[in-house]
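Just so it is clear, the values below take in all heavy atoms, side chains as well, and ignore hydrogens, waters and symmetry mates. Labels below follow one simple rule: chain letters A, B, ... track the order of the sequence lines, proteins then strands, and each chain is numbered from 1.
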Protein chains: 2
Amino acid sequence: MTRDRKKLLRAMFDAAVAAAQPDKVVPKFLPKPPKGRTVVVGAGKASAAMAAALEKHWKGPLSGLVVTRYGYAVATKRIEIVESAHPVPDHNGEMAARRILETVRGLSEDDLVICLISGGGSALMALPAPGLTLADKQAVNKALLVSGANITEMNCVRKHLSAIKGGRLAAAAAPARVVSLLISDVPGDDPAVIASGPTVPDPSSFADARALIERYRIAAPAAVARHLAEARDETPKPGDKRLRGCETQLIAAPQASLEAAARAARKAGFAPVILGDAIEGEARHVATVHAGIARQVARRGQPAKAPCVLLSGGEATVTVRGAGRGGRCTEFLLALAVALDGAPRIYAIAAGTDGMDGTEGNAGALVSPDTLARARAKNLNARAMLENNDGYGFFSALGDLITTGPTRTNVNDFRAVLIEK
Amino acid sequence: MTRDRKKLLRAMFDAAVAAAQPDKVVPKFLPKPPKGRTVVVGAGKASAAMAAALEKHWKGPLSGLVVTRYGYAVATKRIEIVESAHPVPDHNGEMAARRILETVRGLSEDDLVICLISGGGSALMALPAPGLTLADKQAVNKALLVSGANITEMNCVRKHLSAIKGGRLAAAAAPARVVSLLISDVPGDDPAVIASGPTVPDPSSFADARALIERYRIAAPAAVARHLAEARDETPKPGDKRLRGCETQLIAAPQASLEAAARAARKAGFAPVILGDAIEGEARHVATVHAGIARQVARRGQPAKAPCVLLSGGEATVTVRGAGRGGRCTEFLLALAVALDGAPRIYAIAAGTDGMDGTEGNAGALVSPDTLARARAKNLNARAMLENNDGYGFFSALGDLITTGPTRTNVNDFRAVLIEK
């Protein structure tokens, strides 16, 4: 029984990943070949795999340049792949951004730019506005993160310190038609937020950015203050003629992957209950809430009757306090196992859709009703290991890790909690 | 509109509290008067109010003694009310426990003991086993809390260091009939857990307690080790003849209060979605998960279609890092407002059913879509105030606190997140 449940949970995860595979989704959204040239650009952790998928299915000539994270390159024939640093940008990313801008400049309206955007793209092709350095941008970024500003406000400032974000890439490509294919890893799937929206108009202004710097008392380097005051080269606004030929397509997203897992659950006779595609918070507390809902299902048939599966996506966080190993997913699962305390009939999986949970090489792990009992038999103290952030050590000792290798896509974490009848 | 929504949320909270009011629920569960004497004992934060309600509705003679928290006494005529300390037990609680045991000793099988139990009862009538001191018990308690032991395991040890827990009170009352009326504030509503089950048989043994002390390497005082080794006066086990006349009635619980709120929601045209009656975790992260689910409802109609109300109960925790004021509920709500970031059509309430959120005199507060905008207009930085644990200051400045005064019952926190169509 336990083996069957674990198999089903794994199948649901595989369905979630498959729904976000560039090779599967890119072909469905390819535009018609243009009269003129086709140029491919892009940035993100999944973007090299997107480029490879595009190459494979594209009919006609093709050239271009895509930047991805170190180690995420794949073999391509016509599109050049370069690598740069994430999450802290480096010189390679800056160089790549410059080359991407050059690549799209001087095109005609008969030409087509296909822009392959995925999570991480913002750091991977960071290009400071003229007169600014990466260090200037990072100083402001750090201050923003602790300022109390929300994501929209932070992005307003960031876009006004960049030479490529906030629609500037698309503006550079005008008058060519620009089709952006997006794989989302952000809550809300807003194309203006994914990789800071290099091909999406930006309603915010230099004046807005200055007001935010003031409101949140950001200590900006002198060059940044000067740049914002000079307010040269505003981001393209909605309705900007240069972006008239722009189009964005969300080709993969956390919700679509949850829906794919939901179909797999339904097929197996478990009613899917999607709690949300952007469930965030400290992993161990996200876990206690999932455990509370699962127990409510088991005990009261609320908010759904068993047999069912609770599904959620989104990026949890881990505040490291211990010296253990493991990522968000094993931390979530270890806390879940502790909170469920051996409750019968409840099983769970959590795994990164990118195939990486932290730095240990596993994608995630599995929990079953006997998890704590088996741990006790091996003299593992689950609570102590949770305190030590040692989710990897815990599930590794139990043989309950899940390993997929890098999936070359990313629609964030996947979690499923299955409750039997 | 906002005023209507806030009114509805407040009405739902009021319904939840009303469903747990001793005056409303005690009369429904009163046993028939016995041939012999009726003796009332009990302990807990709600137990004085339960005694008053019982007195009011009891037909026939009555006497007894109930212990409650300092400040929670109410006027009674026939049942004596004494007060003691919570959460750290004091001498008054020990004296009260001794007197309660004396009160029930020497009764006949024609007599009836009504035991009024509610949250906090364990500390309020803490009585160490002969040869042990309160300090001994507390030393073990502290070590247990950080040991990795779960609640069942901790209770096993505690019950074997007590002269009143784990069914010992009921055993002392034999051969009288014992009817326990319980107001639950614990996950699962297990009568053996509420106030450590003074009238409920205990399946665990001295040997179990010793094994746990060893497994979790608890540094027990010498007197404790000796007491556990001597193993005199075992707790009454299931099937123990002395507890044959025992009966427990759950008269109020988080779930029943959520169901009452659900009825109020339904009447107003909002589909209730009960997520769980024991949703726990750090308040700010419990909030991000609630926000994620609410956004999913608004955006995708999952796990339920708007108009609906997400309901949850249970005790969140707050790790204090700042110097601000406020309890679990205002912390939850401030984090919720930040996570919702002004999302339209979403409103929320969170409040302690005991009428107390922390130490500021408010029960809780309210959130509406304009919460952050109004805060900004008053120059309040929501994120910074959350970092400073200043939920009280935040909602106080907005005029969005809810104040009820002490309700003299407690079925834990109440949370409702309403999503309009």
Side-chain angles (χ1 to χ4, degrees), chain A residues 146-152 187-189 215-217 255 258-259 262 272-297 299-300 302-304 310-314 316-317 335 338-339 341-342 372 376 379 381-387, chain B residues 146-152 187-189 215-217 255 258-259 262 272-297 299-300 302-304 310-314 316-317 335 338-339 341-342 372 376 379 381-387:
Chain A
V146 297
S147 69
N150 67 25
I151 181 71
T152 311
D189 305 324
R215 178 185 312 154
Y216 293 108
R217 295 157 200 238
Q255 178 70 15
L258 292 176
E259 299 278 7
V273 178
I274 300 182
L275 295 174
D277 66 347
I279 301 290
E280 304 185 323
E282 182 76 14
R284 61 182 61 204
H285 302 293
V286 173
T288 54
V289 177
H290 279 69
I293 300 173
R295 278 177 181 278
Q296 187 78 1
V297 171
R299 197 160 175 231
R300 324 254 193 204
Q302 293 171 332
L310 309 175
L311 294 166
S312 77
T317 48
V338 167
D341 198 19
L372 290 193
R376 214 170 289 130
N379 262 316
N381 184 330
R383 275 179 179 74
M385 291 179 85
L386 177 57
E387 276 320 293
Chain B
V146 297
S147 69
N150 67 24
I151 182 71
T152 310
D189 306 323
R215 180 188 307 157
Y216 293 108
R217 295 158 201 235
Q255 177 71 14
L258 292 176
E259 299 278 8
V273 178
I274 299 182
L275 295 174
D277 66 347
I279 301 290
E280 304 185 323
E282 182 77 12
R284 62 181 61 204
H285 301 293
V286 174
T288 54
V289 177
H290 279 70
I293 300 173
R295 279 178 181 275
Q296 187 78 0
V297 170
R299 196 158 175 231
R300 325 254 192 203
Q302 296 171 330
L310 308 175
L311 294 166
S312 77
T317 48
V338 166
D341 197 19
L372 290 193
R376 215 170 288 130
N379 260 318
N381 184 331
R383 276 181 179 73
M385 292 180 84
L386 176 57
E387 275 321 292

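Across B:Gly188, B:Ala335, B:Gly314, the residue that shares the most heavy-atom pairs under 4.5 angstrom with chain A is B:Gly188. If you tally non-hydrogen atom pairs under 4.5 Å between each of A:Glu387, A:Glu282, A:Met385, A:Arg300 and chain B, the highest count goes to A:Arg300.
Between the side chain of A:His285 and the backbone N or O of B:Gly281, no donor-acceptor pair lies under 3.5 Å. B:Glu280 contributes no side-chain N or O that, together with a main-chain N or O of A:Gly292, makes up a donor-acceptor pair within less than 3.5 Å.
With a 4.5 Å cut-off on side-chain heavy atoms, A:Gln296 and B:Leu275 do not count as touching. Looking at heavy atoms from C-beta onward, B:Ile293 lies in side-chain contact with A:Ile293 at the 4.5 angstrom threshold. Counting heavy atoms from C-beta on, the side chains of B:Asp277 and A:Arg299 come closer than 4.5 Å.
In this structure, the portion of A:Ser147 lying under 4.5 Å from any heavy atom of chain B is its backbone and not its side chain. For chain A, no part of B:Arg295 is nearby; none of its heavy atoms comes within less than 4.5 Å. Looking at A:Asn150, the atoms closer than 4.5 Å to chain B (heavy atoms on both sides) sit in the backbone and in the side chain alike. Using a 4.5 Å cut-off between heavy atoms, A:Asp341 touches chain B through its side chain atoms alone. Looking at A:Ala149, the atoms closer than 4.5 Å to chain B (heavy atoms on both sides) all sit in the backbone: N, CA, C or O.
Put simply, CZ on A:Arg376 and CZ on B:Arg215 are 5.5 Å apart, with the number rounded to the nearest 0.5 Å.
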